[in-house]
J.: 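Pasting a structure below so you can have a look.
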Amino acid sequence: MIERYEPASRIDQEIALACGLTSTTHCSKAFIASISATRQAASNDPNKVNRNGLMSYFRGKTALVTGAAGGIGAAIVKQLRAEGVRVAVADREVAGVDAEAHLPGDLLDASYADGLSAAAFAALGGLDILVNNAGVITRGSVANTTDADWALSLGVNVEAPFRVCRGAIPIMADRGGGAIVNVSSCWGVRPGPNHAVYCMTKAAVASLTQCMGMDHAHQNIRVNAVCPNEVNTPMLRTGFVKRGFDPDTAVAELGKTVPIGRIAEPEDIAAVVLFLASDAARYMCGSLVEVNGGKPVG
């Protein structure tokens, strides 16, 4: 008997699309039954299906996230762990962050940054994903930038991810590959005014990402970067306070300048990081993904 196949759920739709079916496709009743059985088996196995009803890419993986106590970092950690990833978190203070391993320290300390990937590997028994999220914002022109501003920005935004990547790449290569996601910025791809050192350091991260994406693709190590514009984080809000603005009012006004109607939340950026770390981005190497709500820099 031949009859119309009508997908009954989102999981059914995913399976049907994978089989080349549409709601107008006609197929045997036995084939419909096999699809239904596949759906039921998937829905009964929480280790195979994530909260969206889609097969999880991350079950059993391990990850290191720097800047894990901040807004974007905390969102990345939360979303990774929700997908079954075992996470090591790095920041100056990580006691309040839920994770499988806590590696507190100062990324300006070269020995700490050099050993961070190995420490995560030892703590987790693996290292499949690295997210270089830690960063600082220095505002002002070159003429207004102090030596301390320069040292902090270069140390955290550029030297630290370089050192952590240098430690992670041999570990990932020995294990057959991995994924590195760096957090750059739209301001590093298209510089804006009065953020000279910040733009320069994020441009360095973007360039480093592209170089590593080419250099290590043959080792099955994919290196990509997410490039946010304004994000509603404690760091952004603190910046408004320092300049004498009410942070709630400033965030609301800033949102009016974004075509989508608001600035990003940390979860918006974390979702793109997870995509880049997943097998869904398996053919992406050295890509710079802007997440800006349609708003250009400037």
J.: Answer yes or no: does atom CZ of R166 have more than 12 heavy-atom neighbours from other residues, nucleotides or ligands under 6.0 Å?
T.: yes
J.: Are L64 and L108 connected in a single hydrophobic cluster, I mean Ile/Leu/Val/Met/Phe/Trp/Tyr linked by side-chain heavy atoms less than 4.5 Å apart?
T.: no
J.: For residues A99 and V87, report the shortest heavy-atom separation together with the two atoms involved.
T.: CB-O, 3.5 Å
J.: Apply side chain to side chain contact (heavy atoms under 4.5 Å, CB included) to L107 and Y112, showing your working.
T.: CA-CA 6 Å; L107 285 171; Y112 169 74; 3.8 Å; yes
J.: Could you check whether any side-chain heavy atom of N182 comes within less than 4.5 Å of a side-chain heavy atom of C165, counting everything from C-beta outward?
T.: yes
J.: Determine, step by step, whether M214 and V223 satisfy the side chain to side chain contact (heavy atoms under 4.5 Å, CB included) criterion, reporting the C-alpha distance in whole Å, the side-chain angles of both residues, the deciding distance to 0.1 Å, and the verdict.
T.: CA-CA 8 Å; M214 290 186 289; V223 188; over 6 Å; no
J.: Can you tell me if S141 uses its side chain to pair, donor with acceptor, with the backbone of N194 under 3.5 Å?
T.: no
J.: Is the side chain of R222 donor-acceptor paired with the backbone N or O of S278 at a distance under 3.5 Å, no angle test?
T.: yes
J.: Inspect the contact between R81 and E100 and indicate whether a charged nitrogen and a carboxylate oxygen are less than 4.0 angstrom apart.
T.: yes
J.: Where the side chain of T233 meets the backbone of G71, is there a donor-acceptor pair that is under 3.5 Å apart?
T.: no
J.: So, does D128 use its side chain to make a donor-acceptor pair with the main chain of T62 at under 3.5 Å?
T.: yes
J.: Using atom types as modelled and distance alone, determine if a side-chain donor or acceptor of K202 lies under 3.5 Å from a backbone N or O of V183.
T.: yes
J.: Does D279 offer a backbone N or O that forms a donor-acceptor pair with the side chain of R282 under 3.5 Å?
T.: yes
J.: Going by side chain to side chain donor-acceptor pair (under 3.5 Å), name the pairs with one or both residues in residues 152-161, residues two or more places apart or in two chains.
T.: T138-S153, N157-T201, E159-R163
J.: Can you tell me how far apart CZ (F245) and CD (E253) are? Round to the nearest 0.5 Å.
T.: 11.0 Å
J.: Under the 3.5 angstrom rule, does the side chain of D174 hit a backbone N or O of I171 as a donor-acceptor pair?
T.: no
J.: Taking all non-hydrogen atoms of both residues into account, name the closest pair between Q210 and G286 and its distance.
T.: CG-O, 3.4 Å
J.: Which pair of heavy atoms, one from V291 and one from I269, lies closest together, and at what distance?
T.: CG1-CD1, 3.8 Å
J.: Please identify each residue that fulfils side-chain contact (heavy atoms from CB on, under 4.5 Å) with A206, with sequence neighbours left out.
T.: S184, L288
J.: I'd like to know if the side chain of N232 and the backbone of V251 have a donor-acceptor N/O pair within less than 3.5 Å.
T.: no
J.: Could you go step by step and tell me if I180 and H216 meet the side chain to side chain contact (heavy atoms under 4.5 Å, CB included) rule?
T.: CA-CA 11 Å; I180 297 174; H216 302 289; over 6 Å; no
J.: Check for me, please, whether L116 and L154 land in the same ILVMFWY cluster - side-chain distances under 4.5 Å, paths through other members count.
T.: no
J.: Are any non-hydrogen side-chain atoms of D98 and V77 less than 4.5 angstrom apart?
T.: no
J.: Just verifying a value: how many Å separate E267 CD and I72 CD1, rounded to the nearest 0.5 Å?
T.: 10.0 Å
J.: Return yes if some donor-acceptor pair links the side-chain N/O of N229 with the main-chain N/O of K295 below 3.5 Å, else return no.
T.: yes
J.: To check you understand the geometry: which heavy-atom pair defines the closest contact between A120 and L127, and what is its length?
T.: CB-CD1, 4.5 Å
J.: Quick one: does S207's side chain have a donor or acceptor within less than 3.5 Å of a partner on A203's backbone?
T.: no
J.: Would you indicate whether the side-chain heavy atoms of L130 and M172 approach each other to under 4.5 Å?
T.: yes
J.: Are M212 and V273 grouped together when hydrophobic residues (ILVMFWY) are joined by side-chain heavy atoms under 4.5 angstrom apart?
T.: no
J.: State, to 0.1 Å, how close M235 and V136 come at their nearest heavy-atom pair, and which atoms those are.
T.: SD-CA, 4.2 Å
J.: How long is the span from the CD atom in E83 to the CZ atom in R59, to the nearest 0.5 Å?
T.: 7.5 Å
J.: Could you tell me whether the side chain of V197 reaches within less than 4.5 Å of the side chain of D149, counting heavy atoms only?
T.: no
J.: Going hydrophobic residue to hydrophobic residue with side-chain gaps under 4.5 angstrom, can you get from L152 over to Y198?
T.: no
J.: Quick check: do M200 and W150 have side-chain heavy atoms less than 4.5 Å from each other?
T.: yes
J.: Please report the closest heavy-atom contact between N292 and C186, naming both atoms and the distance.
T.: CB-SG, 3.8 Å
J.: Taking atom types as modelled, is there a side-chain donor on S111 or D114 under 3.5 Å from an acceptor on the other?
T.: no
J.: Given L254 and V258, is the side chain to side chain contact (heavy atoms under 4.5 Å, CB included) satisfied, shown in steps?
T.: CA-CA 7 Å; L254 192 58; V258 183; 5.6 Å; no
J.: I want to check something: taking the side chain as every heavy atom from C-beta on, are T209 and V205 in contact at a cut-off of under 4.5 Å?
T.: yes
J.: So, do V289 and F275 sit near enough that their side-chain heavy atoms are less than 4.5 Å apart?
T.: no
J.: Is it possible for you to say whether V131 and L103 belong to one hydrophobic cluster, with membership spreading through side-chain heavy-atom contacts below 4.5 Å?
T.: no
J.: Quick check on D147: does its CG atom have over 12 non-hydrogen neighbours (other residues, nucleotides or ligands) under 6.0 Å away?
T.: no
J.: Would you call the rings of W187 and H195 parallel, tilted or perpendicular, where under 30° means parallel and over 60° means perpendicular?
T.: tilted
J.: Got a sec, which residues hit side-chain hydrogen bond (donor to acceptor under 3.5 Å, both in side chains) with D106, two or more places apart in sequence or on another chain?
T.: none
J.: What I'd like to find out is whether the side chain of V231 reaches to under 4.5 Å of the side chain of L236, using heavy atoms alone.
T.: no
